[in-house]
Trainee: 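Once you've had a glance at the structure underneath, I'll fire off some questions.
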Amino acid sequence: MSGRIDFQSQLNPQQLRAVQHVEGPVLILAGAGSGKTRTITHKIAYLIDRQYSLPDQILAVTFTNKAATEMRERVEQLLQHLSIPPLVSTFHSFGVRVLRRHASRIGYSSNFTICDKDDQKRLLKQIYGELGFKDEYLPLAKTHSVISRAKNQGWAPDEYLKNSRDFDSESIHQVFSRYDEYLRKSDAADFDDLILLTVKLLQEHADIRNRFCDRYKYILVDEYQDTNAPQYELVKLLTSRHQNISAVGDEDQSIYSFRGADITNILRFEEDFSGAEVIKLEQNYRSTQNILDAATAVVSNNLSRKEKVLWTAEQAGEPISLYAANDAREEALFVARRVRQHLDSGVSGIAILYRTNFQSRQFEEIFRMFSIPYRLVGGVSFYHRKEVRDSLAYLRIARNPEDNISLERILNAPPRGIGRVTRDKLRRLADEKSLSLWGALQHSLRENLFPARAHLVLKTFSELVERFRPALDLPLHLALETILDKSGYLEAFRNEASESNDNRVLNIQELIAVARDYSGDEGSLQSFLDQAALYSELDEFDSGADVTLMTLHNAKGLEFPVVFLAGCEEGLFPHSRAIEENDLEEERRLCYVGLTRAQKKLYLSYCRRRRFFGRETDELNEPSRFLSEIPAKLLDSSWGQSGQMVRSQSNQPAFLSSQALRSPAKPKKAYTGKTYNSVESIKAALGARSGRSGLVSGALIVHDKFGKGKILKVEDTGTDLKITVQFPGRGIKKLLQSFAKLKLL
DNA sequence: GAAGTGTTAAATCGC
DNA sequence: TTAACACTTC
């Protein structure tokens with residue numbers, strides 16, 4: 001049966017052309033909100049429905065699990081009697097899928113471990129220790145990002161050295177080589193390797209490459225502007241026989257150059273794939289005219305872009321509101337009040353977007369105060385919690401004790417008497433004998449290489465691990481439960497009752513519950529571990545939620561009736577690092593992405609002052625330059641209640657017309673100028689929260705003849721208060737004691 | 001080796 | 001501000 005779906009009635013002429021372009025390469029250049037994903041989803045359906053292809057001959061690649069899931073579901077909706085689904089996958093999970101089958105061809109086992117950022121950092125730290133490198137001379141964070149960047153270019157350590165003239169490149173090269181070697185020896189791959197190794201496999205083994213080429217006759221790539229060199233290479237390899245590639249992208253939405261995304265991939269598509277047709281989608285179905293005009297006005301300040309004319313059939317809609325807050329708290333209060341109003345009038349689907357994750361905190365606090373339910377995307381996600389990661393490491397070790405990275409994690413968690421000395425000795429032994437850590441442990445037990453006490457704890461540990469294996473025959477969740485039980489890992493948290501330990505236990509129980517969903521399938525252990533490793537924060541996003549907090553990067557591809565774009569200040573957005581490195585065009589694209597998330601109503605806000613590390617900035621923040629790029633006529637002239645009113649005048653951007661934006665004198669804290677007689681009263685006045693008893697630290701400032709100092713400790717001697725104060729002076733910190741009834745400023 | 005205490009660094013964006 | 005770390009003591 002063919003031709004059941006009426007594509008013509010569901011798509012506009014351009015979209016239809018893109019969908020019906022079946023043979024050969026096509027590039028779909030689409031503006032924001034023009035139905036990119038919709039178009040390729042329909043294309044998948046079209047290929048199947050019109051019998052150009054069997055479902056499993058289609059491979060669609062996206063960047064997030066979220067997008068993949070959505071696309072899969074929509075295809076299923078369109079084609080209701082689909083027995084085999086097409087493969088819709090992220091680049092990374094596609095890599096995993098290929099490698100799990102064929103890893104042996106390039107020297108890995110099919111059970112290789114996926115190593116995430118946290119594992120990478122641990123490993124780098126270990127290598128620093130071995131090489132005697134110090135973080136203060138060569139920041140580990142820098143090394144990490146340089147290595148990842150190099151890998152995203154497709155460079156091996158030696159190629160990196162050749163291509164880089166940095167002062168530190170020799171040192172980094174040393175770390176990089178050792179790091180790669182260690183991963184290889186540990187049968188482990190980091191995220192970048194998932195792509196690199198897949199490319200290597202397909203390059204070196206023509207038989208496998210040809211098999212995949214014939215298998216997937218139609219390749220579709222979403223967000224093509226975000227592909228980096230290895231991903232581009234992968235696409236080239238997969239399409240090397242049949243050039244049936246459909247790439248969808250928007251160069252104005254390229255916001256991932258920091259992870260190697262190369263905007264030239266999309267710009268030179270026509271050269272790369274000869275005979276490529278280019279189709280533009282310029283009608284926007286998402287936003288009002290005002291919002292679209294604002295976004296277009298901003299992004300047209302970029303020089304390196306192709307002109308696209310986005311238009312909409314929508315009305316002008318409401319003007320865009322701009323709010324200048326004195327600080328982040330006020331900004332959050334403004335947002336919370338408006339959110340409440342929208343919720344009360346029945347609007348749902350509100351997003352609060354910001355540049356950096358730390359901004360979420362203030363919103364969370366205020367939203368809880370207002371009892372506004374919200375979803376936070378990002379932050380410390382479930383799968384990044386220590387207890388969850390440790391539990392997964394236990395599971396990996398049960399299956400394969402040779403997994404060095406996991407063994408390092410659980411060796412002494414919970415504490416079982418295997419300390420630094422013993423661990424170092426094991427590592428050295430493993431290195432000398434070219435053994436895994438587990439191998440070294442076995443070897444040293446046989447040869448009696450450790451003193452009695454260490455020998456005993458290692459033997460106990462070894463026997464423990466041996467006892468894990470039989471548990472793997474149980475259904476997955478029971479296996480996990482049994483292993484955690486035997487290991488004493490759960491027990492250790494239960495024994496020491498505290499709020500955080502209770503949470504840990506709950507998280508582990510939650511993990512066991514997730515494992516239950518995987519139980520029973522063939523290969524359930526592997527797919528459970530893979531999904532945990534490739535899990536991303538965006539996966540938590542629930543499009544049904546009323547209010548969502550997330551970063552601008554996470555918001556790409558999503559839309560909301562109401563959007564708040566917070567923190568529009570120079571230094572924050574555009575970010576100071578971007579200003580330094582002259583990456584303003586990418587920041588501007590990010591702004592474009594943010595603005596175009598809004599369907600009906602858009603709010604912009606910024607703070608004149610903002611706190612970093614508990615410290616207030618000295619000078620007032622400049623409003624973001626992007627605000628001044630929005631034509632004043634699109635902006636609202638009325639303002640929220642608690643901030644100062646800013647009126648827009650004819651052609652001036654709203655914020656420029658307001659002169660007296662200086663923040664009023666800060667209200668004095670309730671505790672200043674008073675005299676306190678007890679520890680408790682000081683603590684109460686400060687609202688100080690500190691785990692350590694009798695200690696008040698932090699923002700409290702005392703004033704005496706030595707100047708201003710920070711209170712470190714307050715002890716009640718019965719008659720007096722003994723207060724330890726730290727006075728910073730020329731880099732040297734003097735510790736003094738002063739007594740009782742101190743006046744606090 | 002573990003626990004407790006003091007010091008200091010930190011936070012752009014993410015698979 | 002907090003959290004990781006480094007150092008000391010038991």
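Proteins get letters first, then strands, A, B, ... in listed order; numbering begins at 1 in each.
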Trainee: Which distance, rounded to the nearest 0.5 Å, do you find between the OG1 of A/Thr64 and the CD of A/Glu70?
Mentor: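 Reported value, rounded in 0.5 Å steps: 8.5 Å.
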Trainee: Mind checking ring-ring contact (aromatic ring centres under 6.0 Å, His included) for A/Tyr592 and listing every partner two or more places apart, or none if nothing turns up?
Mentor: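 A/Tyr592: no ring-ring contact (aromatic ring centres under 6.0 Å, His included) contacts found.
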Trainee: Tabulate protein N/O versus nucleotide N/O from nucleotides 10-15 of chain B, keeping only pairs under 3.5 Å, one per line.
Mentor:
{"residue": "B/dT12", "atom": "O4'", "partner": "A/His575", "partner atom": "NE2", "Å": "3.2"}
{"residue": "B/dT12", "atom": "O2", "partner": "A/Arg355", "partner atom": "NH1", "Å": "2.7"}
{"residue": "B/dT12", "atom": "O2", "partner": "A/Arg355", "partner atom": "NH2", "Å": "2.2"}
{"residue": "B/dC13", "atom": "OP1", "partner": "A/Asn357", "partner atom": "N", "Å": "2.5"}
{"residue": "B/dC13", "atom": "OP1", "partner": "A/Asn357", "partner atom": "ND2", "Å": "3.2"}
{"residue": "B/dC13", "atom": "O4'", "partner": "A/Arg355", "partner atom": "NH1", "Å": "3.3"}
{"residue": "B/dG14", "atom": "OP1", "partner": "A/Thr551", "partner atom": "OG1", "Å": "2.9"}
{"residue": "B/dG14", "atom": "OP1", "partner": "A/Asn554", "partner atom": "ND2", "Å": "3.1"}
{"residue": "B/dC15", "atom": "OP1", "partner": "A/Ser536", "partner atom": "OG", "Å": "3.2"}
{"residue": "B/dC15", "atom": "O3'", "partner": "A/His92", "partner atom": "ND1", "Å": "3.0"}
{"residue": "B/dC15", "atom": "O2", "partner": "A/His92", "partner atom": "NE2", "Å": "3.2"}

Trainee: Which residues satisfy the ring-ring contact (aromatic ring centres under 6.0 Å, His included) test with A/Tyr232, sequence neighbours excluded?
Mentor: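 For A/Tyr232, no residue satisfies ring-ring contact (aromatic ring centres under 6.0 Å, His included) once neighbours in sequence are set aside.
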Trainee: Can you pull every protein N or O that's under 3.5 Å from an N or O on nucleotides 7-10 of chain C?
Mentor:
none

Trainee: Can you list the residues that meet the salt bridge (Lys or Arg N to Asp or Glu O under 4.0 Å) rule with A/Arg305, with sequence neighbours excluded?
Mentor: A/Asp252, A/Glu307
Trainee: Say you pick atom P in C/dA6 and the same atom in B/dA11; how far apart are they, in whole Å?
Mentor: 16 Å
Trainee: Within the structure shown, what part of the strands sits under 4.0 Å from A/Arg453 by heavy-atom distance: base, sugar-phosphate, or nothing?
Mentor: sugar-phosphate
Trainee: When the C1' atoms of B/dC13 and C/dT2 are considered, how many whole Å apart are they?
Mentor: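 The same atom, C1', in both gives a distance of 22 Å.
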Trainee: Residues in ring-ring contact (aromatic ring centres under 6.0 Å, His included) with A/Phe528, at least two apart?
Mentor: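 Residues passing ring-ring contact (aromatic ring centres under 6.0 Å, His included) with A/Phe528: A/Tyr518.
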Trainee: Going by number, which of residues 417-424 of chain A have a non-hydrogen atom under 4.0 Å from DNA chain B?
Mentor: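 Correct list: A/Gly417, A/Gly419, A/Arg420, A/Val421, A/Thr422.
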Trainee: Can you name the residues that form a side-chain contact (heavy atoms from CB on, under 4.5 Å) with A/Arg423, not counting sequence neighbours?
Mentor: A/Glu408, A/Leu411, A/Asn412, A/Arg427
Trainee: Holding to ring-ring contact (aromatic ring centres under 6.0 Å, His included), I want the full list of residues that pass it with A/Tyr489, two or more places apart in sequence or in another chain.
Mentor: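 Checked A/Tyr489 against ring-ring contact (aromatic ring centres under 6.0 Å, His included); matches are A/Tyr394, A/Phe493.
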Trainee: Scan for salt bridge (Lys or Arg N to Asp or Glu O under 4.0 Å) pairs involving residues 120-134 of chain A, sequence neighbours excluded, and state none if there are none.
Mentor: A/Glu130-A/Arg178
Trainee: Checking A/Ser462 now: which residues fulfil side-chain contact (heavy atoms from CB on, under 4.5 Å) with it, not counting sequence neighbours?
Mentor: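 Scan of A/Ser462 (side-chain contact (heavy atoms from CB on, under 4.5 Å), adjacent residues dropped) gives A/Trp438, A/Leu441, A/Gln442, A/Leu445.
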Trainee: Identify, with sequence neighbours excluded, every residue that meets side-chain hydrogen bond (donor to acceptor under 3.5 Å, both in side chains) alongside A/Gln362.
Mentor: none
